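What you see is a predicted model; the values in this text were computed from it and never measured. Just so it is clear, the values below take in all heavy atoms, side chains as well, and ignore hydrogens, waters and symmetry mates.
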Number of protein chains: 2
Amino acid sequence: MDSSEKDIFYMRKALELARCAYDAGDTPIGAVLVYEDRIIGSGYNKRNALKSPLMHAEIEAIREGAAVIGDWRLEDTTMYITLEPCPMCAGAIVQARIPRVVVGAMNPKAGCAGSVINLLQMQGFNHRAELVTGVLEEESAELLRSFFGRLREQDRINRQEGTENSE
Amino acid sequence: MDSSEKDIFYMRKALELARCAYDAGDTPIGAVLVYEDRIIGSGYNKRNALKSPLMHAEIEAIREGAAVIGDWRLEDTTMYITLEPCPMCAGAIVQARIPRVVVGAMNPKAGCAGSVINLLQMQGFNHRAELVTGVLEEESAELLRSFFGRLREQDRINRQEGTENSE
């Protein structure tokens, strides 16, 4: 496999994890961390499931990866994420010195790999990552659209039932 | 106690935790999270001790606080940190919707509460925190200076011993 085929291969793995979040009722975001052609960390968003603001896909993948490598520096790794990272996760990637990040869909409202700001490539920090965006972008965006569409539909049904019960 | 006395009281607690990091050989940074006049989360930097890029003081305090409150939203809390937060921790504070942050010393090289950038008060994000800086600043800065001074001294001794052994 060449580099772009590998990126698609690992992004598919991240998308499989995003679907686990979807099925559990959390915003579908998945991440895998790759070192020497194997996955050493993976995660999906569990913010609602575990009621914790820290339980993002990337944080789980970094925690597992650091345990495998045995260091806080995750050099020579690549992080695959189905959605552009939030400030916390972009910051964690910088802290972990992850040298390469591959992103699926962008997040115009909160993304920190170029949308609101680009924390992965700030002149002011002592680490900057190589960044590839748009890998399986449509699959990731479609999964998110489907999730939020389902949420809105559920919300509509709940409000309708509320109205009927109060009549 | 008025508000500024409370800030000093809780910052002293955060400094006690920073000293735990110092004693364990990690950069001395401590944090406490306060809700309704009690500490619901606390932590100190364990990055080297636990070999994890995620084990910053603030992350530990947020994890504990979320478990106590039972939600990922840590509304009506105040985070006390002896050193200006890094991008990951500033991002975690935004993710957790922490409304008030009190900082001891600033971190010109990597701080994200005004030094390199101010992630706690970005127009682009959907959450902005009230920020107080400079509380027990000198005590925090002195602890950090002492730590790095000790590191340099140890490094000097190690290099000297290395030279003597190779003679």
Side-chain angles (χ1 to χ4, degrees), chain A residues 26-27 33 41 43 45-56 58-75 77 79 85-98 107-112 114-120 122-127, chain B residues 26-27 33 41 43 45-56 58-75 77 79 85-98 107-112 114-120 122-127:
Chain A
D26 259 300
T27 307
L33 185 68
N45 179 30
K46 301 185 177 81
R47 186 173 71 166
N48 278 318
L50 298 182
K51 299 190 187 310
S52 167
L54 306 172
M55 288 298 141
H56 286 197
E58 300 92 317
I59 300 294
E60 198 179 0
I62 289 173
R63 183 183 306 121
E64 289 184 3
V68 169
I69 291 194
D71 194 4
W72 60 265
R73 294 173 199 83
L74 302 181
E75 290 166 2
T77 60
M79 172 71 89
C86 78
M88 171 178 70
C89 293
I93 288 165
V94 171
Q95 281 298 331
R97 311 282 190 268
I98 293 173
N107 183 0
K109 284 186 187 169
C112 289
S115 288
V116 177
I117 190 172
N118 188 348
L119 292 176
L120 300 180
M122 289 264 299
Q123 287 301 322
F125 296 151
N126 62 353
H127 177 76
Chain B
D26 259 300
T27 307
L33 186 69
N45 179 30
K46 301 184 176 82
R47 187 174 71 166
N48 278 318
L50 297 183
K51 300 191 186 307
S52 166
L54 307 171
M55 289 297 142
H56 286 197
E58 301 92 316
I59 300 294
E60 198 179 0
I62 289 173
R63 184 184 305 122
E64 289 185 5
V68 169
I69 291 194
D71 194 5
W72 59 264
R73 294 172 199 84
L74 302 180
E75 290 167 2
T77 60
M79 172 70 90
C86 78
M88 171 178 70
C89 293
I93 287 165
V94 171
Q95 280 299 330
R97 311 283 190 267
I98 292 172
N107 183 0
K109 283 186 188 169
C112 289
S115 289
V116 178
I117 190 172
N118 188 347
L119 292 177
L120 300 180
M122 289 265 299
Q123 288 302 322
F125 296 152
N126 62 354
H127 178 75

Checklist entry - Who passes salt bridge (Lys or Arg N to Asp or Glu O under 4.0 Å) against A:E64, sequence neighbours left out? => result none

Please list, one pair per line, the donor and acceptor atoms closer than 3.5 Å that link side chains of residues 91-98 of chain B to other protein atoms, with sequence neighbours excluded.
| residue | atom | partner | partner atom | Å |
| --- | --- | --- | --- | --- |
| B:R97 | NH1 | B:V94 | O | 3.2 |
| B:R97 | NH1 | B:Q95 | O | 3.3 |

Next on the checklist: Can you tell me which portion of A:L50 sits under 4.5 Å from chain B's heavy atoms? Options are side chain, backbone, both or neither.
Outcome noted: neither

Checklist entry - Checking A:C89 against chain B: side chain, backbone, both or neither under 4.5 Å from a heavy atom? => result neither

Checklist outcome for this item: Interface check, chain B: of A:M88, A:M55, A:M122, A:R73, most non-hydrogen pairs under 4.5 Å belong to A:M88

Item to check | Side-chain touch B:L54/A:L54, heavy atoms, less than 4.5 angstrom | outcome: no

Checklist entry - Which of the residues B:Q123, B:H56, B:K109 is involved in the greatest number of heavy-atom pairs with chain A at under 4.5 angstrom? => result B:H56

Checklist entry - Just one of A:D71, A:I62, A:I59 clears the side chain to side chain contact (heavy atoms under 4.5 Å, CB included) bar with B:P53, so which one? => result A:I62

